[in-house]
Amino acid sequence: LTLLRESTAADGVFSAFFDASGTYIESVMIADGSFAQCHPEGLRGVPLNRLPYIAARSDHLRLSEFRDTATSRREQSVDAGLLSELSIGAALLVNFRIRGRSAGLLGLVYGLPRSAFDVNLQLLLKLLGSSLAAGLERVRMSLALERLESRAQLAELAANDGLWDFDVEAQQTYFSPRWRTMMGYDTVELKSDFDWRTLVHPEDANKVQNAVRDHVAGKTPMFESTHRMHHRSGEWRWVMSRARATLDAHGRLLRLVGVELDITERKLYEEALFREKESAQITLQSIGDGVVTTNAASVIDYINPVAEQLTGWRLEDAMGKPVEEIFRAFHEETCEPLENPLTVAIRRARSIKSVRPMLLIRRDGNELYVESTAAPIRDGGGRTAGGVLVFHDVSESRELNRRLSYHASHDLLTGLVNRREFENRLERALKSAKARETSYALCYLDIDQFKIVNDSCGHSAGDALLGQVGALL
C-alpha cells in the first residue's frame, strides 16, 4: 500500500475488507502521507447500505470514481457525503471478488477534488485489485488446505484407520503411516508399485476381487469387505475395508482410495461370544427344565423347547408377550391367581424360589403342577436388564407324594387312619382336652360274630366286611 501511494502521489491508499455476509466493512488497512488529511480508516464498521452507489457496483474489478465529493453526481450523493465526512475530497475505488463473492475495496484517496483520473491509473488499480484478490484467494486456499490436512491427520488418528491410495495412471500406491503400523510394514518394504491385494488371505481373495470389480463397474456405491490380511509377523489379521473409486467420463478407473481398520480382537470376541451363545442355546434346549427369559418390562425374549411343551406356547408366538400371559400360575389348593414369580423377582431384584407347587394353566386349558425359580438378570452396571424363569413339571411327583402321605397315615383295607395316626390324633385330643380347649368322645366299636364271617366265608369276605364298615364310618 505504501509503494502504491508513493507511486501514484495519492494522499492515502486503503484496502477495505467486507465481513463474511457482505453487509458491512469489517476491517480497513491504510497507508497515508505525513500531512494527509484523509481518514479512510473511518470506513471501518460502516454498513454497505450507507454506501449504496459503491455497493451497487460490486462486479469484480469495477471502478467507482468520486472526483469531487462536495459536488458529486446525484446517484453518488449518499456515498460522497460519507466520504466527505472523512475529509476525502476525491477517491478512485475498485471492487474485488473472491470465489464469486464481493470481498472488499482497494482505493486511492485525495484530500482535494480532482478533475479526472488517468487511464493508466485506472488500469493500475484494476491490475492491483486483481492481484490482491488472487493473492487472498491463494492464502485462503492454503489455509483451507492446511486445515483439511490437519483435520485428515486428526481424523486418521482418531478413527484408527489405515489409508491407502492407488493411482492407476502412475501405477503407484500410497500407504499412510497408520496403515503401515497396523500391518507391520515399513516404507522400504511397501514400494510405490506394491499391490495391497497380495496380502489378502487366499480364501478371501476371490471375494475381495469380485467386490472391487463390482464397485468399479458401478454395481455398488462403495467397496466394502471384511477379510483377512497378512501381517508382517506372519499372522493373519481381520480387517474391515472400505474404498471408493474415481472414474473418468468413460467409466475407466482413475483412482481407488480406501481405509482399513484392524478388527481382529473384535472378531475374536465375536467368535467367542458366538460359541458361548451356541453353547448356551444347546444347553437350554437340552435341559429338562422350562426356561423363559424376559426384558426388564417382563416381556418375553426367549422360551426353550421344554417351556414350549409345558406352557403350550411356541417361541414365535410367545416372543413379545407379557410373561403373565404365557405363565399363568394359580394356588394349588384354592386355585386363586398368583402373582407371576418372574415379575416379583424383577421388582424385588432378587431370586424367588417357590416353596410349594403351583397350578399352571396351559394355552390349551390343561392343568399341571410346577415348581419354579425366578431371578433377575443384571447388566454390567448392576442394573436389572431382564429376568429368567426356570420351572419343571411336578404333577407326577406331587401325586406320588400325596399317595405316600395318605398310605403312611391310613389303613389300605378300610381307608381309615392306621394305628400310628390314630394314636397321634388321640394324643393331640388329650392335650387339647387337658388345656380345656374342647371336649371329645371316644367310641369303641366291635363287630359281632366277625370271627364266624372269617371262618365260614373266608378272609376275603372278612376284609370286604371291614371295608364296608370303614366306608360307613
Side-chain angles (χ1 to χ4, degrees), residues 266 268-406:
R266 189 177 79 184
L268 294 176
Y269 285 136
E270 289 177 354
E271 292 176 354
L273 182 62
F274 177 78
R275 290 194 299 268
E276 183 177 346
K277 183 177 180 180
E278 282 293 299
S279 176
Q281 291 287 353
I282 294 173
T283 301
L284 289 175
Q285 293 176 6
S286 302
I287 62 176
D289 290 344
V291 179
V292 175
T293 61
T294 71
N295 60 17
S298 298
V299 175
I300 290 181
D301 292 329
Y302 171 80
I303 63 173
N304 72 339
V306 175
E308 289 182 323
Q309 296 175 5
L310 295 178
T311 62
W313 286 81
R314 294 186 304 172
L315 173 60
E316 53 269 27
D317 296 331
M319 288 182 62
K321 295 185 181 300
V323 68
E324 292 86 356
E325 185 176 343
I326 309 303
F327 190 88
R328 296 183 296 164
F330 299 85
H331 193 278
E332 64 170 333
E333 294 179 355
T334 64
C335 295
E336 293 180 355
L338 299 177
E339 187 176 8
N340 191 276
L342 185 53
T343 303
V344 176
I346 292 176
R347 185 176 68 250
R348 298 181 180 178
R350 63 180 179 87
S351 298
I352 301 293
K353 182 177 176 62
S354 60
V355 295
R356 59 189 302 168
M358 63 184 70
L359 180 64
L360 175 65
I361 307 298
R362 290 166 41 89
R363 187 180 188 183
D364 57 12
N366 291 326
E367 302 175 354
L368 67 154
Y369 293 92
V370 296
E371 290 182 347
S372 67
T373 299
I377 298 175
R378 293 180 172 86
D379 58 17
R383 297 177 294 271
T384 301
V388 57
L389 175 66
V390 181
F391 58 99
H392 57 278
D393 187 357
V394 296
S395 300
E396 293 185 3
S397 60
R398 179 178 179 278
E399 179 62 21
L400 179 60
N401 288 336
R402 190 188 66 79
R403 290 180 180 179
L404 290 175
S405 176
Y406 180 84

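Below, all heavy atoms of this structure are taken into account, side chains as well, without hydrogens, waters or symmetry copies.
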Item checked: Heavy-atom donor-acceptor pair, N340 side chain to F327 backbone, under 3.5 Å -> yes
Does some side-chain heavy atom of [Y] sit less than 4.5 Å from a side-chain heavy atom of [X]?
X: V292; Y: I300; result: yes
X: L360; Y: Y369; result: no
X: T373; Y: D289; result: no
X: V291; Y: V306; result: no
X: K321; Y: W313; result: yes
X: R363; Y: T311; result: no

Minimum heavy-atom separation for [X] to [Y], with atom names?
X: R378; Y: A349; answer: NH2-O, 2.6 Å
X: T384; Y: A296; answer: O-CB, 3.8 Å
X: F391; Y: V370; answer: CD1-CG1, 4.3 Å
X: I303; Y: A318; answer: CD1-CB, 3.8 Å
X: S298; Y: T343; answer: OG-OG1, 3.8 Å

Item checked: Single hit among N295, T294, T293 for side chain to side chain contact (heavy atoms under 4.5 Å, CB included) with V323 -> T294
